[in-house]
Amino acid sequence: MAFIFDLLEQAKKGTITQYKEAILTNIWKHSIEESFKLLEIRSRALRQAIILLAISMLFAGLNIIIHFVFYT
């Protein structure tokens, strides 16, 4: 957080364009960090969904095998 204030303090010493540029750079940097955090969360959720789908398919296959072994 201190980095943000240092960046804005330095930008205040420059022109208005440099100040706006510093603000946009700061916003862009934090939005990219947030995007990566969301991507990591979604990646973890997708991985868990694939694992659970594979487990459910395994149990469905076992159910079919058990049905034909014991009920035919």
Side-chain angles (χ1 to χ4, degrees):
M1 196 69 168
F3 173 73
I4 296 168
F5 294 121
D6 292 339
L7 180 65
L8 293 177
E9 285 297 322
Q10 289 174 356
K12 283 182 184 177
K13 296 175 185 173
T15 63
I16 293 174
T17 306
Q18 290 172 337
Y19 180 70
K20 290 178 183 178
E21 202 173 276
I23 290 174
L24 289 175
T25 303
N26 188 21
I27 291 170
W28 181 258
K29 178 184 171 225
H30 288 294
S31 64
I32 288 176
E33 288 174 358
E34 289 295 321
S35 297
F36 280 130
K37 286 178 187 177
L38 287 174
L39 182 63
E40 183 179 330
I41 290 169
R42 288 182 179 183
S43 171
R44 209 175 309 134
L46 179 63
R47 193 175 311 121
Q48 288 175 352
I50 291 171
I51 290 170
L52 290 175
L53 181 63
I55 291 171
S56 68
M57 289 173 61
L58 176 71
F59 283 128
L62 287 174
N63 186 22
I64 292 170
I65 292 170
I66 289 171
H67 177 75
F68 282 116
V69 168
F70 291 111
Y71 296 111
T72 56

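Position 1 is the first residue of the sequence; numbering continues from there.
- Atoms OG1 and NE2, on T25 and H30 in that order, are 11.0 Å from each other to the nearest 0.5 Å.
- Separation of atoms CG (L39) and CG (L46) is listed at 10.5 Å; rounding is to 0.5 Å.
- By the rule that hydrophobic residues join a cluster once side-chain heavy atoms approach within less than 4.5 Å of another member, M57 and I50 end up as members of separate clusters.
- Connection of F68 to Y71 is not established within any shared hydrophobic cluster, with ILVMFWY side chains joined at heavy-atom distances below 4.5 Å, either directly or through further cluster members.
- I65 contributes atom CD1, which lies 11.5 Å from atom CZ of F70 (distance to the nearest 0.5 angstrom).
- Between R44 and E40 a salt bridge is recorded (basic side-chain N to carboxylate O distance below 4.0 Å).
- The CZ atom of F36 lies 12.5 Å from the OG atom of S43; values are rounded to the nearest 0.5 Å.
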